[in-house]
Amino acid sequence: MSINKFLIIDGNSLIHRAFHAIPQLSTSDGIITNAVYGFTNMLFKVLQKIEPDYIAVAFDKGKITFRHASYADYKAQRKATPPELRTQFPLLKEVLRHMRIQTLELENYEADDIIGTLTNLAESQGIESVVLTGDRDALQLVSPRVRVLLTKKGITEMEEYDEGRVWDRYGVSPTQIIDIKGLMGDTSDNIPGVPGIGEKTALKLIQEHGTLEDVIAGMEKLPTRWRNKLLEHQDQALLSKQLATIDRQVPLNIAVQQFKWQGPDYPSLLDIFSRLEFKTLVHSIIDKAGGNNKTGALPGQAAGSQNELDTHNVEYQKMSTEEELEQIRYAAGASGVAALELTGTREAGINYAALSNDTGGTIYLLSVREQTGALDTIADICADPQVKKICADGKEALWLLHRHNRTLRGLGFDTRLAAYLLNPSQSQNTLADLALQYLQLVLPAEGEAAAAARVDVLGRLEQMLHQKLVDTGMDRLYYDVELPLVSVLADMEMEGVAVDPQILCSMAEETGQQIDSLVLEIYRLAGEEFNINSPKQLGDILFNKMGLPVVKKTKTGFSTDASVLEELASSHVIVDKILAYRQLAKLKSTYIDGLFGLINPTTGRIHTTFHQDVTATGRLSSSNPNLQNIPIRLQEGRRIRRVFIPHQPGNLILTADYSQIELRILAHMSGDLNLISAFKQGQDIHTRTAAEVFNVPMEQVTPEMRSRAKAVNFGIVYGISDFGLSRDIKVSRAEAGKYIRSYFERYSGVKEFIDRKIAEARDKGYATTLLNRRRYLPDISSRNRVTRAFGERTAINTPIQGSAADIIKLAMVRIHNELKKRQMATKMILQVHDELIFDVPPEELDTVKNMVTEYMENALQLDVPLVVDLKLGPNWYDVRKV
DNA sequence: GCGAGGCC
DNA sequence: GGCCTCGC
């Protein structure tokens, strides 16, 4: 017989997660239901995964708990629960009542403590507990009989912690988690800990000594810097530990048996789900329970099969014989379309492939690992441009196929990208998220059933999202730009960028030595050793110990950012050393060590990931590593560019960047005659602006004037404020205001453009770009002045920044096509917002220079010319204008 | 999660 | 204005 399982849920933690994970959802008469909906879906998901025998949901009760008795400031920084969430608590409790799930709350205690007590109770009776929460503190409860399920980003994913997982993640036992917290504190709960000791030190001390008490007892032997801090704050540390400790002896006077789960009360559950307009949940109950399931058992459970109440499960046909594989090929060819889902990893390759040629039609499933011929079948369909593929993530499919040396042609729809265009501010566009958002369906987590369900959802989403793209006027942008860009980016990622590891190593050594000597010098000047990387410790040294004047504060303490340090540079020699240290530390950790660690051992190159659905404006982003922020401004950092080299000896690095693309777009969109004439005449735009703003002939513009005008130009593009400009060019706000007024006098078309864009965004609720890309701006109608001002700046910046993104994306697609068509060896390897970077064999150089210039400059016809500057060299550092 | 700092 | 990474 299997061991009984007790599912214990942290109601507060989970409802908060759900509230933030699901942006907006309400009934037709305006009752907000997003958190309840998210919670219910999470609950169903876990019910399926765990199949518990007992269930309880614990809630906090009251604002004051026993912890406040010993520490009045406990959780003092917590924000009040927003009203839109507060109203959902009663609704949730009602849902739980109809689910016949017991809830628990107790005056003076937090949900955590109730949970801890329940796990104790369960343990004493040999019952296994599973705690579901979003709060890492619960990890202290983990034991052989207690597992913790932590919610991850979104609501569809969770991470399970048993003892081994806690050790792997933290290097300590579950009970030691509270000792760690005693030392380092927790800002979110306002638990102080020991000032100057962070997670690193705390982990080290606890790993070496065992408990906080042991650390304090053995204090004498510790290095001075820690001993002093501990000595001073030992009481606070012990108190912090006490605060962080979950009370597992709450006087509850209950028995586990009270929480025995009998399954939901379907009729009343049906009733509340329809009241809350959870349509698919209603349907799934009617479908699966048949409406006459009065026993309360979950559908199918009595027969011993899986509980299918929550998840979207579909029929599918597993194909294994040669005839069946042939049938799949035939069906794909005949229909010319395939919703396609590949599961697996980039490392191990494809595991399952599922596809369907007709929404709602047969779903075929292939096990690529088990079946000979399956991979060829699926890869041939993928390679056939005549079969339009519908994918959840086309670029990932390309990577999976790449692992088998195959490819995908004819990507006809990518749900991730469609959802991104429909709302680029939405952070999650996985198929699971979209299924929930657009179809109110929960997808199974893994396995064959998941692949099949995903294919079913793909087809339905394609129809729905396609229509929305047409309705919003973004179908051209989608089909002509974003979708073709998928394989362009995949090619760039796969091609990678070659680096010279030798140069990287020698830079590591050199920089390391410079850092070491700066560190010694800083310690000497400070009179003690401390962690310079910790703004908290640094602030303590500079402002408390050394008494430097406080310039600026952050939410958590003294500000020590570069602008502050530059202001303090004259006060003490240590400040310059710290600035130099910061610069080198950044260089080494991010750009030298960081890049080194990301060299692919197989290819010897660096393969970044380009994200096509991240930014709110339409730009791309890059990560692992971010190759869009390689230093250039300062000489010391710029040298890192020497490590980026061509793919073959003799090849060259060619960079092509748009000159002033954002200001040119501003000229075009605003129609400002002054600005247009400057670009038409090919003038230096900042000099011209200076001449206008300072009312002097262009020949009399000084470097100082030009640099201020340049800041004004930047400011305009960002949606200027006198405050922002005064900070950037270090003049008074009044002075900055004068520049802005004078600018608007000379460039009245720009002023009109700004006013027009703000009005338009307020009117429609969104801003648009030249290719009709859309970004919703709810902030622009806020009653809060600061929030609204932010919305207004966004309304100006988004059309400009986003149109620049439109243009370079168009150019990328065309250049890539042309390179392929002509079967050239030149590779486009990077994009840095207004710049494209190529690896070029010398014999193709002339062709490529012309082609790139041509396509970039003519990507879109504007009222001003688009101008591209080309640079060429043996690496990314030594490029010179051509 | 925050502060800091790199890019366009 | 828009990002990503590092270290705390």
Side-chain angles (χ1 to χ4, degrees), chain A residues 77 136 183-189 193 195-203 424-425 427 530-539 552-565 578-579 581-595 597-598 608-611 614-634 636-638 640-641 657-663 666 714-721 724 728 767 775 777 779 789-802 804-805 808 830-835:
Chain A
Q77 295 180 343
R136 295 198 161 264
L183 279 172
M184 64 178 276
D186 182 341
T187 38
S188 73
D189 289 348
I197 292 191
E199 186 180 337
K200 288 245 162 113
T201 315
L203 275 172
S425 307
S427 56
F530 66 102
N531 187 344
I532 314 169
N533 290 324
S534 162
K536 197 167 148 207
Q537 295 187 35
L538 179 63
K552 193 163 78 174
K553 299 205 86 178
T554 67
K555 280 178 229 167
T556 49
F558 307 114
S559 169
T560 65
D561 69 24
S563 72
V564 169
L565 296 186
I578 293 167
L579 280 167
Y581 168 85
R582 282 244 177 102
Q583 194 193 342
L584 292 176
K586 174 86 181 180
L587 197 61
K588 183 154 193 301
S589 68
T590 306
Y591 297 106
I592 300 175
D593 300 348
L595 281 181
L598 288 164
T608 185
T609 301
F610 287 107
H611 303 275
V614 167
T615 71
T617 54
R619 274 189 179 177
L620 298 177
S621 78
S622 149
S623 68
N624 283 311
N626 181 355
L627 292 182
Q628 292 180 321
N629 74 343
I630 301 302
I632 188 163
R633 234 182 53 245
L634 301 173
E636 297 87 329
R638 189 175 196 150
I640 195 74
R641 294 187 168 222
D657 71 284
Y658 279 114
S659 159
Q660 305 294 351
I661 188 166
E662 295 193 332
L663 287 172
L666 175 65
F714 270 106
I716 297 290
V717 168
Y718 293 158
I720 204 162
S721 69
D728 288 350
R775 175 186 184 179
L777 299 171
D779 282 356
F790 179 81
E792 290 173 353
R793 289 200 287 279
T794 320
I796 301 160
N797 175 256
T798 297
I800 301 174
Q801 194 186 111
I808 197 165
L830 291 175
Q831 187 252 43
V832 191
H833 308 306
D834 65 354
E835 174 184 21

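A, B, ... follow the sequence lines: proteins, then strands. Residue 1 opens every chain.
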Please report the distance, rounded to the nearest Å, between CD1 in A/I796 and C1' in C/dG2. 15 Å
Is A/V717 touching bases, backbone alone, or none of the nucleic acid, heavy atoms closer than 4.0 Å? nothing
Close side-chain approach of A/Y658 to A/E835, heavy-atom, < 4.5 Å: no
Which pair of heavy atoms, one from A/T615 and one from A/S621, lies closest together, and at what distance? CG2-CB, 4.3 Å
A/Q831 atom CD is separated from C/dC3 atom P, nearest whole Å, by 14 Å
What does A/A616 touch in the nucleic acid at a heavy-atom separation under 4.0 angstrom: a base, only the sugar-phosphate, or nothing? sugar-phosphate
For residues A/T794 and A/R775, report the shortest heavy-atom separation together with the two atoms involved. CG2-NH1, 3.0 Å
CZ of A/F610 versus P of C/dC4: gap in Å, rounded? 12 Å
Could you tell me the separation between the CD1 atom of A/I532 and the C1' atom of C/dG7, rounded to a whole number of Å? 13 Å
Counting the atoms with a prime plus P, OP1 and OP2 as sugar-phosphate, which does A/Y658 contact under 4.0 Å by heavy atoms, base, sugar-phosphate, or nothing? nothing
Rounded to whole Å, how long is the line connecting atom OH of A/Y581 with atom P of C/dC6? 15 Å
Smallest separation among heavy atoms of A/N629 and A/Y591, with atom names: O-OH, 2.7 Å
Expected output: side-chain A/S623 to main-chain A/N626 donor-acceptor under 3.5 Å: no
For nucleotides 3-8 of chain B, just jot down a letter per nucleotide in 5' to 3' order: B, S or -, based on protein non-hydrogen atoms under 4.0 Å. SSBBSB
A side-chain contact here means heavy atoms from C-beta on lying under 4.5 Å apart; do A/K586 and A/P631 qualify? no
Any side-chain heavy atom of A/N797 sitting closer than 4.5 Å to one from A/V717? yes
Walking DNA chain C from its 5' end, the first of A/T617 and A/G594 to be reached, judged by nearest nucleotide, is A/T617
If you look at every strand shown and take non-hydrogen atoms under 4.0 Å, does A/R775 touch a base, only sugar-phosphate, or nothing? sugar-phosphate
Please give, in whole Å, the distance from C/dC4 P to A/L627 CG? 13 Å
